[in-house]
2 protein chains.
Amino acid sequence: MQLAKGIEWTTHVCTIIALLPEGKGLSVDALAEFFELPAAYLSKQMQALRRAGIAQSVRGKGGGYRLAQSPDAITLLDIVIAIEGPSPAFRCTEIRQNGPCGLERSECKRPCEIAAAFAAAEQAYRSALESKTLASIMQEAAMNSTPEHMMEIAGWVQRQSS
Amino acid sequence: MQLAKGIEWTTHVCTIIALLPEGKGLSVDALAEFFELPAAYLSKQMQALRRAGIAQSVRGKGGGYRLAQSPDAITLLDIVIAIEGPSPAFRCTEIRQNGPCGLERSECKRPCEIAAAFAAAEQAYRSALESKTLASIMQEAAMNSTPEHMMEIAGWVQRQSS
DNA sequence: CTTTATCCGGATAAAAGATATCCGATTAAG
DNA sequence: CTTAATCGGATATCTTTTATCCGGATAAAG
């Protein structure tokens, strides 16, 4: 079970484009340079964020990406779903219906106990991610960082933004 | 993010071999037939359970698999770790150290806030799975099943066990 | 209008991981 | 000792993830 790298990438990217002033954007090339990531693949990931309504894009010269919502309206769960899709990790194939002692389909309206247990665990996972907004992540990061480093980032964003 | 099928398979298998009387085992072929699964691949998954100390195997004629521990000592988390390995789903590649505003490695003793948030979510997931033992799953299943079906399964296990 | 910068989507390809199979090694039983 | 049953590791196939490239659309700037 592995989470796509795109989740790490786009989450970090969101914490950067959240710093943009109103109406400005950052190009994929700039973002890829900021984190030393492959630009073409990062572009694909950002498109997924746009489709999910998390980011906006502006085409053409001077265009780029910015957030489509306020940072306190975007949760880590939103980003995970945007990149990985909404389907749960545990896939129940109903093998209790198979074999010599298999149940009839009509007896299987409720999920089996195993599927239910995994569903509950995934719900706990999603709830934890849902409780973390981009804003809360950025606030924590600010508290663990230095003023110098934050100024460095803010300066870079301002220089690169269009 | 997908969980391997082997997790569903081996968890169901564990609820069956838990019914074996002392000293008996069930062959992979029998278990594969019981759930209509590909025997060779199920065999591989069962090997993972054995390496993890969840199941025991006996080779040769009359051999097979049985549990290596009491059902109330085996949790769903144990099975997940046996099949998927212990590494977390979120892989932090420390991209905060990259690029023009990258941090020095010496400044990165603590995990970044994003990695920490995902680690906390995974911990919630693992805790939920750890709270479910094989025994508790089997008890729930028994309450939602009929005496007839349970007898059917018990009879099959007894006939196939060696 | 032309040039330049940028996103968008599709085609493609390489790498990794999940899925599946085969056959040799091992052991009980006759 | 031979046979049949069974596990165990090596191998092969398929799917997903990761990654690249390019032509097209779009928009700002000269």
Side-chain angles (χ1 to χ4, degrees), chain A residues 1-10 13 17 20 23-33 35-52 54-66 68 80 82-85 87 89-91 93 95 160-162, chain B residues 1-10 13 17 20 23-33 35-52 54-66 68 80 82-85 87 89-91 93 95 160-162:
Chain A
M1 179 180 62
Q2 298 215 136
L3 277 190
K5 284 187 191 172
I7 290 181
E8 181 192 15
W9 297 359
T10 55
V13 162
I17 60 179
L20 284 165
K24 302 273 185 168
L26 272 174
S27 74
V28 170
D29 280 350
L31 291 165
E33 187 203 349
F35 289 116
E36 289 182 43
L37 298 175
Y41 190 37
L42 177 61
S43 170
K44 279 268 188 294
Q45 309 293 340
M46 293 305 295
Q47 287 173 34
L49 284 198
R50 179 185 54 79
R51 280 187 223 107
I54 295 171
Q56 288 177 331
S57 69
V58 175
R59 292 168 90 159
K61 189 165 182 175
Y65 279 96
R66 48 179 291 102
V80 168
I83 303 293
E84 301 259 327
S87 47
F90 182 87
R91 297 161 288 169
T93 59
I95 61 175
Q160 301 290 327
S161 67
S162 53
Chain B
M1 177 180 63
Q2 298 215 137
L3 277 191
K5 284 186 192 172
I7 290 182
E8 181 193 14
W9 297 359
T10 55
V13 162
I17 59 179
L20 284 166
K24 302 274 184 170
L26 271 174
S27 74
V28 170
D29 280 351
L31 291 165
E33 188 203 348
F35 290 117
E36 289 182 44
L37 300 175
Y41 189 37
L42 178 61
S43 168
K44 185 162 188 173
Q45 308 295 336
M46 292 305 295
Q47 287 173 37
L49 285 197
R50 178 184 53 81
R51 282 188 218 104
I54 295 171
Q56 290 178 331
S57 70
V58 175
R59 291 171 90 160
K61 191 167 180 176
Y65 279 96
R66 49 178 293 101
V80 168
I83 303 293
E84 301 259 327
S87 48
F90 182 88
R91 297 160 290 170
T93 59
I95 61 176
Q160 300 290 326
S161 67
S162 55

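Computed from a predicted model, the values in this text were never measured in an experiment. Chain naming here is simple, since letters A, B, ... match the order of the sequence lines and numbering starts at 1 in each.
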TODO: Return the value, rounded to whole Å, for the distance between atom CD of A/Gln2 and atom P of D/dT18.
DONE: 8 Å
TODO: Rounded to the nearest angstrom, tell me the gap between atom NZ in A/Lys61 and atom C1' in D/dA25.
DONE: 17 Å
TODO: Rounded off to whole Å, could you give me the CG-to-C1' distance for the B/Leu31 and D/dT6 pair?
DONE: 12 Å
Open item on the list: Using heavy-atom distances to pick each residue's nearest nucleotide on DNA chain C, tell me which of B/Ala39 and A/Asp29 is more 5'.
Closed with: A/Asp29
- [ ] Measure the distance from CD1 on B/Ile17 to P on D/dC7 and round it to the nearest whole Å.
- [x] 11 Å
TODO: State whether B/Ser57 places a side-chain N or O below 4.0 Å from either non-bridging phosphate oxygen (OP1 or OP2) of D/dG8.
DONE: yes
TODO: Remember a base hit wins even if backbone is also touched, and classify A/Ala4 as base, sugar-phosphate or nothing at under 4.0 Å, heavy atoms.
DONE: sugar-phosphate
Open item on the list: Rounded to whole Å, please give me the gap between CG in B/Leu42 and C1' in C/dA18.
Closed with: 15 Å
- [ ] Name the nucleic acid region contacted by B/Gly64, choosing base, sugar-phosphate or nothing; use a 4.0 angstrom heavy-atom cut-off, strictly under.
- [x] sugar-phosphate
Task: A/Lys44 (side chain) and C/dG10 (base): donor-acceptor pair under 3.5 Å - done: yes
Open item on the list: Can you measure A/Arg50 atom CZ to C/dC7 atom P for me and round it to whole angstrom units?
Closed with: 11 Å
Task: Length of the CD-P vector between A/Gln47 and D/dT20, whole Å - done: 15 Å
Open item on the list: Counting the atoms with a prime plus P, OP1 and OP2 as sugar-phosphate, which does B/Arg66 contact under 4.0 Å by heavy atoms, base, sugar-phosphate, or nothing?
Closed with: nothing
TODO: For A/Arg91 and B/Leu3, run side chain to side chain contact (heavy atoms under 4.5 Å, CB included): C-alpha distance rounded to whole Å, both residues' side-chain angles, the deciding distance at 0.1 Å, then the answer.
DONE: CA-CA 7 Å; A/Arg91 297 161 288 169; B/Leu3 277 191; 5.6 Å; no
Open item on the list: Once you apply a heavy-atom cut-off of 4.0 Å, does A/Lys5 come out as touching a base, just sugar-phosphate, or nothing?
Closed with: sugar-phosphate
Open item on the list: Using the side-chain heavy atoms of A/Arg51, tell me which of these nucleotides is nearest: C/dG9, C/dT21, C/dT27.
Closed with: C/dG9
Open item on the list: Could you tell me how far apart B/Arg91 (CZ) and C/dA16 (P) are, to the nearest whole angstrom?
Closed with: 11 Å
